[in-house]
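Below is one structure, written out as structure tokens; the observations come after it.
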2 protein chains.
Amino acid sequence: MATHTSNPEYHHGNLRQALLDAGEKLLESVGVDGLTLRGLARETGVSHAAPYRHFADKADLLAALAARGFDRLARALVATAGEHAGDPRGEYLASCRRYIELGRKHPAMYRLMFGQPQPGVGDQPELAAAGQAAFDALTAAMRRGVAAGLYRDASIETLAMAVWALVHGLTELAIAGRLGLCGEGDAGRLSEDACALLLRGIGTSRPGA
Amino acid sequence: MATHTSNPEYHHGNLRQALLDAGEKLLESVGVDGLTLRGLARETGVSHAAPYRHFADKADLLAALAARGFDRLARALVATAGEHAGDPRGEYLASCRRYIELGRKHPAMYRLMFGQPQPGVGDQPELAAAGQAAFDALTAAMRRGVAAGLYRDASIETLAMAVWALVHGLTELAIAGRLGLCGEGDAGRLSEDACALLLRGIGTSRPGA
DNA sequence: CAAAAAATGTTGACAATGTCTACTTCGGTC
DNA sequence: GACCGAAGTAGACATTGTCAACATTTTTTG
């Protein structure tokens with residue numbers, strides 16, 4: 001009833017974005033398990049059912065968050081490529097570093113991104129597109145490397161997947177805290193070395209490293 | 001009260017194991033999110049609070065499940081090593097294949113294993129031990145390979161982590177359904193090729209492949 | 001061998017959460 | 001100025017993790 005009459009803030013204006021913003025924040029502070037729809041609503045100052053006007057259910061909101069994550073990842077890769085134009089080897093190493101850093105800085109988000117159930121048919125077009133964009137940035141980089149003679153002339157898909165898998169694995173292991181299992185492990189250095197080893201495997205044999 | 005007097009099945013006998021067994025089954029059928037303590041109790045035919053006599057809380061039970069997973073993984077690696085004694089290259093390829101297969105066959109379990117919060121000080125000694133055993137199996141394999149001249153003489157930790165990261169990444173991507181992003185992708189073949197590429201990177205350059 | 005104690009299971013409660021339905025209020029259109 | 005859909009609210013419900021109190025079984029021990 002007259003809980004509040006003519007409240008100028010009855011309608012939030014842009015609740016959807018606000019929820020996603022708060023979601024990212026909560027993600028990092030309390031993890032995926034601590035991320036609750038009601039908590040999100042509280043954080044945003046709306047009632048507990050308000051999110052349902054913008055998201056079908058919790059999974060839908062999580063998918064939207066994951067899409068944001070992929071978007072950031074794709075942007076970071078494209079930016080890195082721009083910073084190393086004409087230097088595919090430098091681009092490779094910088095991209096690997098940046099990818100892993102991004103994952104380690106936002107572990108909950110990173111896990112969320114790859115924990116999403118594969119978007120079905122018409123489900124989550126945003127998420128599918130963002131994920132595809134990130135993958136496209138990677139394949140484009142590989143294509144440039146092949147053109148420049150840095151990588152051996154293998155299937156682009158194979159090259160891209162090998163790189164992605166290694167970097168993804170390093171990121172996940174780092175997040176899981178398993179990169180330091182080996183006595184004294186500087187996780188950063190281990191990652192660099194592993195990436196260099198793979199480069200040796202996928203590269204043309206010329207530049208003896 | 002006299003709900004039941006002198007019930008021969010009042011005490012289950014080995015509820016802990018039964019809960020873990022049911023847990024593994026439920027994991028595969030309904031996923032981690034669908035795995036509920038109460039559901040587990042129902043499945044096992046005990047009351048909803050019975051599990052608390054054997055596990056401190058849900059996280060504790062999940063950790064015990066994860067420990068089982070690592071145990072299986074370690075066993076599989078050791079077995080594979082035994083089947084390829086004296087053939088480090090064959091062992092490498094077979095181990096990679098087996099690792100990935102195991103993860104793909106039990107995706108929820110695999111995710112659970114690496115989703116565990118890093119065991120703190122005295123927490124979850126079982127889990128820590130099982131995880132360490134799996135990693136030890138891997139480093140032992142790498143050590144054999146170095147001794148046999150298959151791998152270049154680099155730090156064992158670096159070699160092991162590179163391999164583990166690649167295989168882990170391939171497994172995770174396969175589980176996430178992202179190994180098929182490339183038009184027509186036989187995920188199995190992609191994995192094999194990626195492992196071969198890394199082998200080329202970590203190997204001594206002699207056997208031109 | 002009986003009695004005390006420890007282990008194991010049960011019932012009942014509580015707060016929190018995801019989600020649904022019905023109601024209210026706001027912003028804009030005939 | 002009345003109307004309509006979008007956006008937000010309140011209230012309810014089933015499910016879940018977890019705790020406390022009680023019951024029963026097994027084990028230890030005097």
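Worth saying up front: this structure is predicted, and the values here are computed from it rather than measured. Proteins come first, then strands; the chains are lettered A, B, ... in the order of their sequence lines, and each starts at number 1.
- Summarising the geometry, the separation between CZ on B:R53 and P on C:dA6 is reported as 14 Å, rounded to the nearest angstrom.
- Closest-nucleotide positions on DNA chain C for B:S47 and B:R38 were compared, and the one nearer the 5' end corresponds to B:S47.
- Salt bridge annotation for B:R97-B:E91: absent, with no cationic side-chain nitrogen under 4.0 angstrom from a carboxylate oxygen.
- Dense packing is recorded around CD of A:E192, with more than 12 heavy atoms of other residues, nucleotides or ligands lying under 6.0 Å away.
- In this entry the distance linking CG of A:L40 with P of C:dT17 reads 12 Å, nearest Å.
- Counting only heavy atoms from C-beta on, B:A49 has its side chain closest to D:dC19 among C:dG9, D:dT9, D:dC19.
- Using cut-offs of 30° and 60° on the angle between ring planes, the pair A:F114 and A:H168 is tilted.
- Rounded to a whole Å, the CG atom of A:L26 is 11 Å from the P atom of C:dT17.
- In this structure, the CD atom of A:E43 is 13 Å from the P atom of C:dT17, given to the nearest Å.
- One finds a side-chain N or O of B:T36 lying less than 4.0 angstrom from the OP1 or OP2 phosphate oxygen of D:dG17.
- One can place CD of B:Q17 at 13 Å from P of C:dT8, the figure rounded to the nearest angstrom.
- Comparing A:R42 and B:A50 by the nucleotide of DNA chain C that holds the closest heavy atom to each, the one mapping nearer the 5' end is B:A50.
- The distance between atom CG of A:D60 and atom P of C:dG18, rounded to the nearest whole Å, is 14 Å.
- Residue-to-nucleotide contacts include no donor-acceptor pair under 3.5 Å from the side chain of A:H48 to the base of D:dG8.
- Residue A:H54 has a polar side-chain atom (N or O) positioned under 4.0 Å from OP1 or OP2 of D:dG8.
- When all heavy atoms of B:F55 and B:A64 are compared, the closest pair comes out as CE2-CB, 3.9 Å.
- Between B:Y110 and B:Y99, the two ring planes are perpendicular [angle over 60°; tilted spans 30° to 60°].
- Taking atom NZ on A:K58 and atom C1' on C:dA16, their separation rounds to 11 Å, with Å as the unit.
- The CZ atom of B:R16 sits 11 Å away from the P atom of C:dT8 (whole-angstrom rounding).
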